[in-house]
Amino acid sequence: TSWTEDNGEKALNYADYITEYALKLWIEPKTTLALKADRLSNPDFALQFDIFLYPGSFTVDQGVRFRASDQGAYLLWVYSQSVNWQILKQTSETTERLVRDYSGELHSGGYTRVLLIAKGDQIAVYFNDKPAGYVQDSTFTHGEVHLEFIGGLDEVKTIVDNLKYWELK
């Protein structure tokens, strides 16, 4: 599966950014980088990846946009600076926070394994193999899955490794 950059310009050859078998990205200030896979659109899925959370990265939102379509999407955001996370429901008119919490399993200055499971109207989040939260919502039932990074005022770095995706039946 190939990933593409969703900025309306050109495809991102992700192989150019893989060093030591991890995807390393430097996000320009005030830009959004969405890494989409052309075949990841099953509404029931499990997505697992390791993400390096740089300490003091106040200017980056990073996570997963899923069941994304013209109607809207769910977002799982992980924040480096505060070791908080949240799941949002976003439409063209509103953004609603479904859950937000602190997790001692989010390691600022190190890797955190993220597991996101979406099945039917249930969404579950795990950090380092420990349950972090659960949401039940049936607004969005289909759409794309992609990693997303939003830069703030400064250039930021992020590293993603061990990306795995499973379709659930």
Side-chain angles (χ1 to χ4, degrees), residues 1-4 6 14 17-25 27 32-55 57 60-69 72-90 95-150 156-169:
T1 301
S2 60
W3 293 91
T4 59
D6 187 29
Y14 71 93
Y17 297 88
I18 295 178
T19 57
E20 300 168 7
Y21 304 103
L23 179 64
K24 297 183 180 182
L25 302 171
I27 297 136
T32 298
L33 177 65
L35 301 176
K36 295 182 181 180
D38 54 4
R39 292 182 225 159
L40 302 188
S41 60
N42 186 13
D44 296 331
F45 68 92
L47 176 68
Q48 177 180 291
F49 57 95
D50 298 337
I51 191 162
F52 191 91
L53 300 175
Y54 282 92
S57 294
V60 67
D61 292 338
Q62 51 197 357
V64 181
R65 180 179 295 267
F66 58 103
R67 293 185 178 167
S69 69
Y74 294 111
L75 297 100
L76 166 64
W77 288 129
V78 179
Y79 301 99
S80 299
Q81 75 281 6
S82 61
V83 291
N84 284 318
W85 64 276
Q86 64 181 340
I87 294 179
L88 304 170
K89 178 170 57 174
Q90 188 176 62
T95 299
E96 176 186 349
R97 180 183 299 145
L98 300 178
V99 63
R100 180 181 176 138
D101 205 354
Y102 163 84
S103 175
E105 290 301 317
L106 291 172
H107 299 296
S108 187
Y111 278 98
T112 297
R113 173 155 291 164
V114 178
L115 174 62
L116 171 64
I117 301 171
K119 178 130 175 85
D121 65 351
Q122 300 172 56
I123 302 165
V125 178
Y126 294 77
F127 297 119
N128 294 323
D129 302 321
K130 295 185 179 151
Y134 169 82
V135 171
Q136 193 164 6
D137 188 275
S138 60
T139 305
F140 306 120
T141 58
H142 67 282
E144 298 177 343
V145 177
H146 59 268
L147 299 178
E148 187 165 287
F149 309 93
I150 300 175
V156 292
K157 295 184 280 187
T158 193
I159 300 175
V160 177
D161 201 358
N162 300 318
L163 181 66
K164 297 175 183 176
Y165 175 87
W166 300 273
E167 289 185 359
L168 303 178
K169 303 279 182 208

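On a predicted model such as this, the values are computed, not experimentally measured, just so you know.
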Could you go through residues 113-125 and list every donor-acceptor pair under 3.5 Å that involves a side-chain atom there, pairing it with any protein atom two or more places apart or in another chain?
unit_1, atom_1, unit_2, atom_2, d
Arg113, NE, Asp50, OD1, 2.7
Arg113, NH2, Asp50, OD1, 3.4
Arg113, NH2, Asp50, OD2, 3.0
Lys119, NZ, Lys169, O, 2.5
Asp121, OD2, Gln136, NE2, 3.0
Gln122, OE1, Tyr134, OH, 3.3

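- Looking at residues two or more places apart in sequence or on another chain, you find a ring pair (Phe, Tyr, Trp, His ring centres under 6.0 Å) between Phe140 and Tyr74.
- Between Phe49 and Val64, the closest side-chain pair of non-hydrogen atoms falls below 4.5 Å.
- Counting all heavy atoms, side chain and backbone alike, Trp85 lies closest to Leu76 at CE3-CD1, 3.8 Å.
- Applying the side-chain contact (heavy atoms from CB on, under 4.5 Å) criterion to Ser69, with sequence neighbours excluded, gives Gln71, His142.
- Considering all non-hydrogen atoms of both residues, Phe127 and Ala132 come closest at CD1-CB, 3.4 Å.
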| said: Determine whether Leu47 and Leu163 satisfy the following criterion, side chain to side chain contact (heavy atoms under 4.5 Å, CB included), listing intermediate values before the conclusion. | reply: CA-CA 7 Å; Leu47 176 68; Leu163 181 66; 3.7 Å; yes
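- Ring geometry for Phe45 versus Tyr165: interplanar angle under 30°, hence parallel rather than tilted (30 to 60°).
- Listed here is the closest heavy atom pair of Arg97 and Leu88: CA-CD2, 3.6 Å.
- A search for side-chain contact (heavy atoms from CB on, under 4.5 Å) contacts involving Lys130 returns Glu105, not counting sequence neighbours.
- Applying the side chain to side chain donor-acceptor pair (under 3.5 Å) rule to Asp44 yields the partners Arg67; only residues at least two apart in sequence or on another chain are considered.
- Listed by chain and number, the residues in a side chain to side chain donor-acceptor pair (under 3.5 Å) with Thr139 are Lys89, Asp137 (sequence neighbours excluded).
- Residues Leu106 and Asn84 share a closest heavy-atom pair of CD1-O, 3.6 Å.
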